[in-house]
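Read through the structure below, which is laid out as structure tokens, and then see the notes.
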Amino acid sequence: MHRLLALFLLIGVALGQSAFIHTPQGRLRGGLNQEAGVAFFLGMPYARAERWKAPQAVERLGSLPGELFDATRPGPSCPQRGVFTTRLGGYIPPFSEDCLNLGVWMPTAAPPPGGYPVMFWVHGGSYIGGSWSEPLYDGTALASKGVVVVGINYRLGSLGWLALPDLQKESGDGSAGNYGLLDMVAALRWVRRNIAAFGGNPENVTVFGQSAGGMAACTLMASPKAQGLFHKAIVKSGGCEYVRTLEQGFAWGEEWARLWGCSGSDLACLRRLPLERLFAPEDRSIGALLQRAPAGEFGDGPWKPHLDGVNLAKVPLEALRDGEAAGIPLMVGATAQEGWSERFIGPQNWEDFGRGVEEKLRRPGVAARAVGMYRARYENPAEAWAYFQTDRILLCPTFLGGAAQMRNVETYGYLFSWVSPDLPILGSLHGIDLPLLFGTERSWPNTLLFLSSRAYEETRQTAEAMQTYWTEFARTGFLKDWPELVTGQAMEFGTQTRVIDSPLETRCGLWR
């Protein structure tokens with residue numbers, strides 16, 4: 001209790017639209033949303049990043065003792081080629097390799113005994129793009145519900161996940177190919193050291209993420225380096241199996257190095273490569289955008305966490321099944337049509353559908369079972385293919401993580417099914433739930449889904465329900481009117497909120 005609001009100069013000194021606070025890192029000036037009752041502190045470095053080395057914690061902000069750090073603007077984003085929202089004109093700050101910064105949103109009201117629960121956000125982007133500072137992820141709405149929200153950057157693409165034998169030797173502890181994961185752990189350690197100054201409780205931290213961020217949340221549950229640094233997790237549209245072996249990482253790393261004219265053992269050559277070569281600007285023409293629209297095979301991509309035996313010893317799903325995260329309550333869920341664009345390129349007859357299923361699952365003889373299952377639910381094979389891809393890539397991997405955890409601790413499942421009446425062609429696509437959770441429906445390009453008053457008004461109950469459930473889960477890890485996943489039920493968030501049969505039972509038979 002001695003740390004609680006002796007260090008937290010509760011915005012007692014707030015002037016105009018600025019808020020001031022004293023933290024273990026130093027004095028900060030942030031912003032103030034008086035209407036929401038939320039203060040925000042942005043762009044605070046939590047670690048320094050040197051290419052392909054473990055992050056080094058930043059203990060003090062500013063070069064002089066007592067210097068006031070300006071935390072009113074986001075810091076730089078990690079180098080990348082962008083994500084779907086930025087391709088549509090969404091904002092993301094300029095890139096820098098020194099990108100390990102975070103943002104904090106906190107209620108301005110005095111915290112309860114022990115402090116507010118902390119929600120630690122890991123953004124998505126296939127481990128190759130994105131930033132906490134995208135307007136989509138503004139933490140104001142959630143913080144106004146009585147939580148402290150933290151959003152983080154972590155290294156992406158080759159800078160985050162390159163694995164090479166010489167990098168493993170250089171590390172000193174045998175780790176390799178997990179620089180992005182090390183960044184997440186470093187940010188969690190920052191939370192433990194600093195969050196009480198923002199009114200947060202370091203003993204009540206919930207990691208939540210969507211897409212690759214959801215995968216990261218599950219990976220952190222399995223990482224020995226993250227043990228004890230958080231206490232609950234929410235996996236949104238992710239899964240617990242998207243990792244690579246070191247053998248795979250080393251083979252790709254050597255090939256990747258040769259593509260840039262370096263030997264895999266010549267780390268000096270690789271470190272001399274300029275960012276503008278590694279992350280060349282994208283072609284953002286309409287034609288190029290449409291070519292990238294169909295859901296890709298993320299599982300085959302090279303940039304993701306590695307089983308290096310130090311930061312990660314097991315596939316996270318196996319670790320959950322073995323009870324290694326038994327004390328961490330979990331929420332899992334997905335949108336009903338994650339891969340809805342696949343219906344435009346799906347098979348036109350059921351024979352081709354069956355062949356496609358066998359090719360994707362690499363399990364001879366599964367075609368007849370799959371055709372029978374999907375033909376009973378969907379009218380045509382192209383639509384069925386979009387649901388199959390949804391189930392295979394994101395929905396069922398996410399729910400299987402819940403199935404692994406549900407016998408150990410409280411575990412809840414949900415399905416998000418709302419479709420925008422303004423753009424019904426998109427269905428309940430990947431990420432459509434995020435503007436409602438964060439209350440950022442009016443930020444670009446999310447506003448495309450809410451052009452009409454009908455679209456906005458019909459989601460008010462759903463947005464309120466999601467924000468209330470998510471923050472209550474962060475507060476207690478228990479949801480009294482939401483059946484646990486072990487009961488075979490889940491919650492549906494559509495134009496209304498209701499209990500349904502779990503997608504684990506209704507849609508994941510091919511994978512259970």
Side-chain angles (χ1 to χ4, degrees), residues 1-11 21-25 28 38-39 41 44 46-47 57-59 102-122 132 139 142-152 181-209 213 216-235 319-320 323-331 405 408-412 468-480:
M1 294 294 292
H2 65 283
R3 298 179 59 196
L4 210 55
L5 305 173
L7 291 174
F8 175 27
L9 298 180
L10 187 110
I11 314 191
I21 202 168
H22 193 82
T23 78
Q25 281 190 305
L28 310 177
V38 170
F41 298 84
M44 294 171 285
Y46 67 86
V58 172
E59 301 294 346
L102 49 76
V104 175
W105 293 261
M106 56 176 284
T108 57
Y116 288 112
V118 179
M119 298 188 72
F120 180 95
W121 173 249
V122 185
W132 68 266
L142 288 173
S144 72
K145 298 286 187 183
V147 298
V148 174
V149 179
V150 179
I152 69 159
L181 180 61
L182 287 170
D183 296 342
M184 297 173 201
V185 173
L188 284 167
R189 289 179 177 144
W190 181 95
V191 167
R192 177 160 288 274
R193 292 192 305 270
N194 292 277
I195 208 62
F198 299 87
N201 183 353
E203 300 300 331
N204 190 9
V205 177
T206 298
V207 171
F208 72 128
C218 199
T219 301
L220 287 166
M221 292 175 72
S223 173
K225 295 298 181 76
Q227 285 185 359
L229 296 177
F230 68 100
H231 314 92
K232 305 175 209 58
I234 301 174
V235 175
L320 264 60
E324 295 181 15
I328 300 177
L330 178 64
M331 180 195 296
Q405 187 73 340
N408 300 318
V409 71
E410 292 89 352
T411 301
Y412 303 90
T468 299
Y469 276 124
W470 264 246
T471 54
E472 182 60 25
F473 180 79
R475 188 170 291 108
T476 68
F478 175 73
L479 299 171
K480 63 181 179 180

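When every heavy atom of Gly139 is checked against every heavy atom of Trp105, the shortest pair comes out as N-CE2, 3.3 Å. Of all non-hydrogen atoms in Pro107 and Ala143, the two that sit nearest each other are CG-O, 3.3 Å. Closest approach of Tyr116 and Ala109 over heavy atoms only: OH-O, 2.9 Å. Shortest non-hydrogen contact noted between Gly199 and Pro111 is O-CB, 3.7 Å. Smallest separation of non-hydrogen atoms from Ala233 and Phe230: CB-CE1, 4.3 Å. Summarising the geometry of Pro117 relative to Gly146, their closest heavy-atom pair is CD-O, 3.6 Å, with the distance given to 0.1 Å.
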Could you please spell out the steps behind the side chain to side chain contact (heavy atoms under 4.5 Å, CB included) verdict for Met184 and Val207? CA-CA 10 Å; Met184 297 173 201; Val207 171; over 6 Å; no
Under the criterion side chain to side chain contact (heavy atoms under 4.5 Å, CB included), I'd like the reasoning laid out for Leu229 against Val185: C-alpha separation, chi angles, the key distance, then a yes or no. CA-CA 8 Å; Leu229 296 177; Val185 173; 4.0 Å; yes
Please evaluate residues Leu479 and Met331 with respect to the criterion side chain to side chain contact (heavy atoms under 4.5 Å, CB included), reporting the C-alpha separation (whole Å), side-chain torsions for both, the decisive distance (0.1 Å), and the verdict. CA-CA 10 Å; Leu479 299 171; Met331 180 195 296; 4.1 Å; yes
Evaluate Ile195 against Asn201 for side chain to side chain contact (heavy atoms under 4.5 Å, CB included), listing each step before the verdict. CA-CA 7 Å; Ile195 208 62; Asn201 183 353; over 6 Å; no
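With a 4.5 Å cut-off on side-chain heavy atoms, Lys480 and Glu472 do not count as touching.
With Gln25 contributing its side chain and Asn194 its backbone, the two residues share no donor-acceptor pair below 3.5 Å. Side-chain atoms of Asn204 never come within 3.5 Å of backbone atoms of Val118 as a donor-acceptor pair (strictly under, hydrogens ignored). Here the side chain of Thr476 pairs no donor or acceptor atom with the backbone of Phe473 at under 3.5 angstrom. Although no hydrogens or angles enter the test, the distance criterion places a donor-acceptor pair under 3.5 Å between the side chain of Arg192 and the main chain of Gly228. Of the possible donor and acceptor atoms, none in the side chain of Tyr46 sits under 3.5 Å from a partner among the backbone N and O of Leu102.
Between the OG1 atom of Thr206 and the CD1 atom of Ile234 there is a distance of 6.0 Å, given to the nearest 0.5 Å. The line from CZ of Phe208 to CH2 of Trp121 is 5.5 Å long, rounded to the nearest 0.5 Å. Note: Lys225 NZ to Leu181 CG = 9.0 Å, rounded to the nearest 0.5 Å. Between Thr468 atom OG1 and Arg475 atom CZ the span is 9.0 Å, to the nearest 0.5 Å. To the nearest 0.5 angstrom, Ile328 atom CD1 is 12.5 Å from Glu410 atom CD. The CG atom of Leu330 lies 10.5 Å from the CG atom of Asn408; values are rounded to the nearest 0.5 Å.
The side-chain contact (heavy atoms from CB on, under 4.5 Å) test with Pro329 singles out one residue from Gln405, Lys232, His231, and that residue is Lys232.
Using a 30° and 60° split on the angle between ring planes, Trp190 and Phe198 fall in the tilted class, from 30° to 60°.
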